[in-house]
There are 2 protein chains.
Amino acid sequence: MMTANVNCGHSNGTAEMQKMCISIVPIFNHLEQAEMNEIVKHTHSVSYPRGHTIYHEGDTSDGLYIIHKGRVKIYRLSENGKEQLVRILESGDFTGELSLFNETVHDAYAEAMGKVELCVMSRDDFQKFLLKYPAISLKVLGEFSNRLAKTEKQAARIAMETTDSRLAMYLADLAEERNSDRINLPMTRKDLASHIGTSPETISRKLAEFEDAGWIRQLGQREIEILDMDALLLI
Amino acid sequence: MMTANVNCGHSNGTAEMQKMCISIVPIFNHLEQAEMNEIVKHTHSVSYPRGHTIYHEGDTSDGLYIIHKGRVKIYRLSENGKEQLVRILESGDFTGELSLFNETVHDAYAEAMGKVELCVMSRDDFQKFLLKYPAISLKVLGEFSNRLAKTEKQAARIAMETTDSRLAMYLADLAEERNSDRINLPMTRKDLASHIGTSPETISRKLAEFEDAGWIRQLGQREIEILDMDALLLI
DNA sequence: ATGAAACCTTGACCTCCGTCAAGTTTTCAC
DNA sequence: GTGAAAACTTGACGGAGGTCAAGGTTTCAT
């Protein structure tokens with residue numbers, strides 16, 4: 001049984017949290033203080049435990065979810081029940097938008113990777129704000145266009161690159177994002193495998209190969225140091 | 001009303017044609033007549049021959065392209081020079097948007113599949129209209145959300161389904177889209193292969209298998225009749 | 001209409017990597 | 001802290017499908 005802790009904005013602490021929630025999200029935090037306060041009134045906070053499914057494929061969309069604390073993984077299931085990890089959301093990211101515009105049902109799953117705190121806004125309120133503050137639309141369009149570019153790139157990679165390349169590119173992307181040669185895999189081998197279209201065993205083997213070749217060093221199960229980025233990307 | 005055919009060479013086309021262009025695009029055709037006229041003033045028409053590259057990966061974005069007549073294929077190149085077909089644009093579709101919001105350079109190629117006629121709007125004008133008419137933003141958001149959903153689905157398929165399934169699902173999608181059991185492949189084996197992440201040879205072989213199994217009938221090189229959709233999707 | 005170029009098909013080969021299995025290590029709930 | 005469950009590693013095996021090649025068919029520009 002889920003033990004969701006739903007707050008509807010009556011306590012000071014919670015109002016404070018919702019305000020924070022809005023103020024950390026790129027799509028809202030460019031607004032005037034008064035405007036943000038108005039938006040805060042139309043959100044409520046929710047907290048879920050590790051493993052809780054926030055929405056299912058097929059659920060009707062109930063709104064926009066903004067991650068305040070914790071991480072959420074978005075995944076899909078194929079016909080035969082295999083899971084593919086689509087992306088991981090962190091503080092300041094949002095989801096639920098896809099079904100806000102055209103579809104009315106979700107086409108993926110959202111699951112709490114640890115304890116998470118979310119701010120939720122209803123579909124109707126969100127659309128109202130988009131029309132009232134056109135600048136928000138531009139922010140959301142920017143975010144969508146980023147995601148679309150990333151997803152198309154990912155699809156192209158899975159379709160055309162070898163498994164070695166895909167893994168190497170994933171590591172390189174992560175290193176660039178974190179701006180460091182020491183990276184921490186944000187997920188299990190199984191999830192990573194499903195993300196780049198291979199099997200957990202293959203991930204283990206390839207990482208071992210990379211290490212033998214002197215391109216990386218595995219420090220822990222999750223921590224990796226990249227020693228020779230160029231060689232890695234030449235595979 | 002639809003007397004505005006061809007005749008726009010490489011320079012500006014007739015006002016009539018540009019008007020048509022705007023009136024067939026879902027993101028604009030919901031506007032009032034006067035508003036559309038205003039937008040028409042800020043577009044110009046262009047025509048390109050078969051095979052012409054409309055924009056290159058790395059080009060700086062010069063604006064929004066709306067397809068008036070003909071078809072345009074969007075593709076990417078991998079490191080090793082392999083091509084992946086991302087999607088095919090038809091009359092009423094638009095492209096160039098990705099680089100309109102965040103990136104300033106294109107990350108893919110656009111090529112005319114036959115003679116095409118386009119209407120072009122500058123990046124600045126487009127952004128101005130988005131702010132002036134918030135309803136346009138909602139339309140574009142809807143279009144983006146569709147594309148994102150489609151692309152994520154595609155990525156998940158390539159990552160997790162067998163080649164048979166991917167081809168079968170592609171045929172099924174096409175049949176549903178066209179609402180008929182007789183479908184015409186909109187592209188060559190090579191392009192289809194790159195789209196679903198396999199090789200042209202494998203496409204030939206699988207289609208032959210499907211035919212032997214009695215699930216489809218190949219009428220011409222491009223025309224296919226689906227005989228047993230259920231069997232096809234059970235692969 | 002006609003030749004050249006692009007496209008499609010079929011065969012043979014062979015490699016990559018997915019799957020199963022068994023053992024080890026790490027994580028997590030109590 | 002402790003035991004159970006989840007996650008990871010390594011090995012062996014087999015099959016799906018990529019690649020190369022050669023020959024037939026369609027398309028297209030002139």
Side-chain angles (χ1 to χ4, degrees), chain A residues 1 3 49-52 71 73 78 80-85 111-115 157-168 184-212 216-224 235, chain B residues 49-52 71 73 78 80-85 111-115 157-168 184-212 216-224 235:
Chain A
M1 268 301 157
T3 51
R50 170 196 180 79
H52 181 84
R71 300 194 307 150
K73 82 172 173 183
S78 70
N80 54 43
K82 272 193 185 171
E83 173 179 325
Q84 196 223 10
L85 188 144
E111 184 188 312
M113 295 180 77
K115 188 186 177 224
R157 273 187 192 174
I158 302 180
M160 295 166 5
E161 308 286 351
T162 63
T163 303
D164 304 74
S165 287
R166 270 144 43 206
L167 180 54
N184 235 292
L185 298 181
M187 58 183 109
T188 64
R189 300 277 191 273
K190 181 169 151 283
D191 282 344
L192 177 52
S194 85
H195 185 57
I196 67 175
T198 183
S199 66
E201 292 92 334
T202 297
I203 301 261
S204 275
R205 283 189 256 265
K206 299 287 178 196
L207 286 179
E209 278 176 32
F210 291 178
E211 189 161 28
D212 287 349
I216 67 169
R217 243 177 39 147
Q218 300 192 63
L219 305 168
Q221 274 193 176
R222 295 291 183 88
E223 199 169 3
I224 290 177
I235 298 173
Chain B
R50 170 194 181 82
H52 182 85
R71 299 194 306 151
K73 81 172 175 186
S78 71
N80 55 41
K82 270 193 190 176
E83 175 179 324
Q84 196 222 12
L85 188 143
E111 183 187 312
M113 296 182 78
K115 188 181 178 226
R157 273 187 192 174
I158 301 180
M160 296 166 4
E161 307 286 351
T162 63
T163 304
D164 304 74
S165 287
R166 267 138 53 203
L167 180 54
N184 236 292
L185 298 180
M187 57 183 110
T188 65
R189 299 280 191 272
K190 180 168 151 283
D191 283 343
L192 177 53
S194 85
H195 186 56
I196 66 175
T198 183
S199 66
E201 293 92 332
T202 296
I203 300 262
S204 274
R205 282 190 255 266
K206 299 288 180 193
L207 285 180
E209 277 175 32
F210 291 178
E211 189 161 26
D212 286 350
I216 66 169
R217 244 174 41 144
Q218 300 192 64
L219 304 167
Q221 275 194 174
R222 296 289 184 87
E223 199 169 3
I224 290 177
I235 299 174

Going from [atom1] on [X] to [atom2] on [Y], what distance comes out if it is rounded to the nearest 0.5 angstrom?
X      : Y      : atom1 : atom2 : answer
A:I203 : A:L185 : CD1   : CG    : 8.5 Å
B:I158 : A:Q84  : CD1   : CD    : 10.0 Å
B:M187 : B:M113 : CE    : CE    : 7.0 Å

Hey, are the side chains of [X] and [Y] touching, using non-hydrogen atoms and a 4.5 Å cut-off?
X      : Y      : value
A:L167 : A:I235 : no
A:R217 : A:E211 : yes
B:T198 : B:K206 : no

*A:S204 side-chain proximity, nearest of C:dC7, D:dG17, D:dC8*: D:dC8
Protein-nucleotide distance ([X], atom [atom1]; [N], atom [atom2]), rounded to Å:
X      : N      : atom1 : atom2 : value
B:K115 : D:dC28 : NZ    : P     : 16 Å
A:D164 : C:dT15 : CG    : P     : 15 Å
A:M113 : C:dC28 : CE    : P     : 11 Å
A:L207 : D:dT10 : CG    : P     : 11 Å
A:E161 : C:dC17 : CD    : C1'   : 17 Å
A:L219 : C:dT26 : CG    : P     : 13 Å
B:R166 : D:dA16 : CZ    : C1'   : 11 Å
A:R50  : C:dA29 : CZ    : C1'   : 11 Å

Is the distance from OP1 or OP2 of [N] to the nearest side-chain N or O of [X] less than 4.0 Å?
X      : N      : value
A:R222 : D:dC8  : yes
B:K206 : D:dG17 : yes
A:T202 : C:dG18 : yes

*Donor-acceptor pair under 3.5 Å: do we get one between B:E201's side chain and the base of D:dC20?*
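Yes, a donor-acceptor pair under 3.5 Å.
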*Hey, does the side-chain of B:R205 have a donor or acceptor N/O within less than 3.5 Å of a partner on the base of D:dG18?*
no
*What are the two closest heavy atoms between B:R166 and B:E161, and how far apart are they?*
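The pair with the smallest heavy-atom distance is NH1-O, 3.0 Å.
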*Residues of residues 184-200 of chain B with any non-hydrogen atom less than 4.0 angstrom from an atom of DNA chain C: list those, numerically ordered, please.*
B:T188, B:R189, B:K190
